[in-house]
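Below, all heavy atoms of this structure are taken into account, side chains as well, without hydrogens, waters or symmetry copies.
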Amino acid sequence: MKRIVIAEFMDDAAVAQLRERHDVLHDVALVDDGARLYQEAKWAHALIVRNRTQVRGELLDALTQCTVVGRLGVGLDNIDVAGCEARGIRVIPATGANALSVAEYVIASAMMLLRGAYGSTAAVAAGRWPRNALSNGRELAGKTLGLVGFGAIGQLTARLAQALGMRTVAFDAMMDGSHPAFGATGTQPLGLDALVAKADVVSLHLPLVDSTRNLFHAARIAAMRGGAVLVNTSRGGIVDEAAVALALREGRLGGAALDVFEAEPLAASPHFEDCPNLLLTPHIAGVTAESNERVSSLIAQKVLEALEP
């Protein structure tokens with residue numbers, strides 16, 4: 001029997017699956033108690049985390065018995081992957097398990113921001129009738145969705161968008177125009193600048209690495225089509241948040257949905273206050289009841305397989 005430490009929330013059924021065969025500590029408070037986390041890490045043969053636990057530095061040094069780190073999600077910027085590999089620790093993300101949740105978030109956000117009609121509840125309930133003001137919303141069908149990053153989530157988002165009548169274009173620095181993913185999804189490959197100039201909705205699906213940091217800076221946001229919508233469900237730090245807010249206030253950007261931020265949790269941000277056509281959510285695009293079950297179940301199974309080859 002081996003020791004598994006789970007430092008953030010994991011679905012109960014998956015935890016029970018792990019406990020059938022191993023000694024499991026599941027404590028969501030561990031992520032905020034560094035001293036105790038480091039102590040527990042010394043005895044862990046496996047560590048399971050979400051996005052808040054930073055598997056690097058002192059924590060990585062403490063993982064002297066660990067052979068596997070399970071990531072309840074897909075982004076790996078909170079994990080020193082090279083450092084893990086150097087120590088013989090296998091890193092396992094939940095690839096594909098939350099793709100549908102993220103794709104649905106993108107489509108729902110785009111529909112809300114283009115239509116612009118869903119913030120009127122208080123006014124209507126108070127007896128006002130802003131029908132004229134809300135009669136110029138735009139339909140999703142016939143618009144172009146530009147996907148920056150075209151992995152599993154980007155490809156699924158393309159399929160959902162096409163089902164609603166959108167055209168799809170995509171850019172991925174790791175794919176050339178002959179990559180089969182473009183043909184399989186009916187998506188036109190474009191360069192980044194051409195995509196930004198053409199798309200009515202731009203959705204980001206990128207890891208945060210040196211080449212993508214501040215990729216959507218003020219000048220790139222200014223190059224987007226007038227009235228276009230920007231959706232970021234990938235990682236904070238890819239988008240200049242202050243530039244997004246300014247573009248919205250000046251009416252150059254039609255809307256923005258930001259689920260991720262350069263610093264999380266997001267501190268008080270005056271530039272976002274009363275900003276028009278803006279949706280802010282706390283890094284939950286890939287988190288639903290169903291995706292939690294899929295992600296947790298997948299990681300439980302993969303960790304068991306890694307511990308018992």
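Salt bridge E40/R3: present, at least one basic N to carboxylate O contact under 4.0 Å. A salt bridge does not link R294 to D11: none of the charged nitrogens lies less than 4.0 Å from a carboxylate oxygen. E308 has a carboxylate O that lies under 4.0 Å from a charged side-chain N of R21, or vice versa, which qualifies the two as a salt bridge. In this structure, D200 pairs ionically with R225, as a charged nitrogen and a carboxylate oxygen lie closer than 4.0 Å. The pair R220-D193 counts as a salt bridge, with a side-chain nitrogen and a carboxylate oxygen less than 4.0 angstrom apart.
In the model, T281 has no side-chain atom that pairs as donor or acceptor with a side-chain atom of H283 under 3.5 Å. D259 and T233 share no donor-acceptor pair across their side chains, judged by distance under 3.5 Å alone. Using a 3.5 Å distance cut-off with no hydrogens or angles, the side chains of Q155 and T185 do not pair a donor with an acceptor. A donor and an acceptor atom, one from each side chain of S269 and E241, are nowhere located under 3.5 Å apart. Defined by atom type and a distance below 3.5 Å, a donor-acceptor pair is missing between the side-chain atoms of T288 and Y105.
No single ILVMFWY cluster, assembled from side-chain heavy atoms under 4.5 Å apart, contains both L76 and I48. One hydrophobic cluster holds both I92 and I6 under the rule that ILVMFWY side chains link at heavy-atom gaps under 4.5 Å. Residues L25 and L59 share a hydrophobic cluster, clusters being chains of Ile/Leu/Val/Met/Phe/Trp/Tyr side chains in contact below 4.5 Å. Cluster annotation: I221 is not connected to V229 through the hydrophobic network of ILVMFWY side chains, with a link wherever side-chain heavy atoms come within less than 4.5 Å. The hydrophobic cluster containing M166 also contains F150, counting ILVMFWY residues as joined when their side-chain heavy atoms lie under 4.5 angstrom apart, directly or transitively.
The backbone N or O of P207 lies less than 3.5 Å from a partner atom in the side chain of T212, making a donor-acceptor pair. Under the 3.5 Å distance criterion, the side-chain polar atoms of R249 are left unmatched by any main-chain donor or acceptor of V244. Formation of a donor-acceptor pair under 3.5 Å by the H26 side chain with backbone atoms of E8 is found in this model. At least one donor-acceptor pair under 3.5 Å links the side chain of K143 to the backbone N or O of E139. The backbone N or O of A46 sits nowhere less than 3.5 Å from a side-chain atom of K2 that would complete a donor-acceptor pair. Formation of a donor-acceptor pair under 3.5 Å by the N98 side chain with backbone atoms of S101 is not found in this model. Looking at S109, its side chain never comes within 3.5 Å of a backbone N or O of V106 through a donor-acceptor pair. Side chain of R71 to main chain of G75: a donor-acceptor pair is present (N/O by atom type, distance under 3.5 Å, no hydrogens or angles). Without hydrogens or angle criteria, D12 side chain to V15 main chain gives no donor-acceptor distance under 3.5 Å. Counting only distance, with no hydrogens or angles, the side chain of T53 and the backbone of V49 share no donor-acceptor pair below 3.5 Å.
The shortest heavy-atom contact between A161 and T168 is CB-CG2, 4.1 Å. Pairing each heavy atom of R138 with each of G254, the nearest pair is NH2-CA, 4.3 Å. Nearest heavy-atom pair across L248 and L253 is CD2-O, 3.5 Å. Shortest non-hydrogen contact noted between G255 and L113 is C-CD1, 4.1 Å. L156 approaches A103 most closely through the heavy-atom pair CG-CB, 4.1 Å. The two atoms that bring A158 and L147 nearest to each other are CB-CD1, 3.7 Å, heavy atoms only.
In this structure, the side chains of L204 and V239 come closer than 4.5 Å at one or more pairs of heavy atoms.
The number of heavy-atom neighbours closer than 6.0 Å to CE of M174, taken from other residues, nucleotides and ligands shown, is 12 or below.
Below 30°, between 30° and 60°, or above 60°: for F261 and F272 the angle between ring planes is above 60°, a perpendicular geometry.
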Pair L18-L304, side chain to side chain contact (heavy atoms under 4.5 Å, CB included): steps then yes or no: CA-CA 7 Å; L18 293 170; L304 288 174; 3.7 Å; yes
Test log, rule side chain to side chain contact (heavy atoms under 4.5 Å, CB included), inputs V196 and F216: CA-CA 10 Å; V196 166; F216 273 71; 3.9 Å; yes
